[in-house]
Amino acid sequence: MPSQMIQVRTLGTAEIEIGSVQIRPNAPMRFAALLYLSAEAGRRIPRRVLIDLLFPDKTERNGLHSLRELMYQLRTAGVALESD
């Protein structure tokens with residue numbers, strides 16, 4: 001899948017734009033995940049790191065489920081994510 005340009009705006013109205021997709025802080029989990037992933041672009045991020053960052057109060061099982069759901073929401077919105 002071809003990579004898309006990611007634009008992160010933090011001055012004025014904060015938003016993350018990936019292609020035609022715009023994610024704003026009013027979608028806090030999606031915004032936080034994309035902000036972190038864009039800051040770490042090109043690096044492999046273990047699932048455990050994302051769970052600890054985004055879902056610190058959940059059990060491992062619930063955290064994995066929440067992370068899968070969040071990644072599904074991002075992909076459904078048109079964000080191209082790679083995972084293995």
Side-chain angles (χ1 to χ4, degrees):
M1 186 173 290
S3 63
Q4 299 177 6
M5 180 185 286
I6 299 171
Q7 294 183 353
V8 178
R9 293 185 185 93
T10 56
L11 296 176
T13 301
E15 72 178 4
I16 300 171
E17 189 174 294
I18 303 172
S20 62
V21 178
Q22 296 176 338
I23 306 291
R24 295 186 177 95
N26 62 350
M29 294 307 286
R30 286 186 259 171
F31 188 82
L34 283 176
L35 185 61
Y36 181 79
L37 292 172
S38 63
E40 297 294 324
R43 296 189 183 116
R44 295 176 65 101
I45 309 299
R47 287 181 181 97
R48 182 79 247 165
V49 170
L50 291 172
I51 292 168
D52 289 345
L53 179 68
L54 299 169
F55 309 105
D57 297 334
K58 294 196 176 195
T59 64
E60 173 118 10
R61 181 178 174 166
N62 289 341
L64 282 169
H65 175 77
S66 295
L67 183 61
R68 281 192 301 272
E69 177 64 26
L70 178 59
M71 296 300 116
Y72 173 78
Q73 291 173 9
L74 292 172
R75 286 185 177 108
T76 300
V79 177
L81 296 171
E82 293 182 25
S83 66
D84 56 9

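Note that this is a predicted model, so its numbers are computed, not measured. Because only heavy atoms are used, hydrogens play no part in the values below, and waters and symmetry mates are left out as well, while side chains stay in.
Contacts of Glu40 classified as side chain to side chain donor-acceptor pair (under 3.5 Å), with partners at least two apart in sequence or in another chain: Arg43. Scanning for salt bridge (Lys or Arg N to Asp or Glu O under 4.0 Å) contacts around Arg68 gives an empty result, with sequence neighbours left out. In this structure, the side chain to side chain donor-acceptor pair (under 3.5 Å) partners of Glu15, at least two apart in sequence or on a different chain, are Arg9, Arg24. Here Arg48 pairs with Asp52, Glu60 under the salt bridge (Lys or Arg N to Asp or Glu O under 4.0 Å) rule; sequence neighbours left out. For Arg61, there are no side chain to side chain donor-acceptor pair (under 3.5 Å) partners two or more places apart in sequence or in a different chain.
Considering all non-hydrogen atoms of both residues, Leu35 and Ile16 come closest at N-CD1, 3.4 Å. Taking each heavy atom of Ser66 and Lys58 in turn, the nearest pair found is OG-NZ, 2.7 Å. In this structure, Val8 and Ser38 approach most closely via the heavy-atom pair CG2-OG, 3.6 Å. Residues Phe31 and Pro25 share a closest heavy-atom pair of CD1-N, 3.6 Å.
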### Task
Could you check Leu64 against Arg47 for side-chain contact (heavy atoms from CB on, under 4.5 Å), going step by step and ending with a plain yes or no?
CA-CA 8 Å; Leu64 282 169; Arg47 287 181 181 97; 4.1 Å; yes
### Task
Starting from the C-alpha separation in whole Å, work towards a yes-or-no answer on side-chain contact (heavy atoms from CB on, under 4.5 Å) for Leu54 and Tyr36.
CA-CA 10 Å; Leu54 299 169; Tyr36 181 79; over 6 Å; no
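Residues Asn62 and Phe55 form no side-chain contact, since every pair of their non-hydrogen atoms from C-beta on lies 4.5 Å or further apart.
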Show every donor-acceptor pair shorter than 3.5 Å between a side-chain atom in residues 71-81 and any protein atom, with sequence neighbours excluded, or say none if there are none.
from, atom 1, to, atom 2, distance (Å)
Gln73, NE2, Glu69, OE2, 3.4
Arg75, NH2, Ser83, OG, 3.3
Thr76, OG1, Tyr72, O, 2.8

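To the nearest 0.5 Å, atom CD1 of residue Ile23 and atom CE of residue Met29 are 13.0 Å apart.
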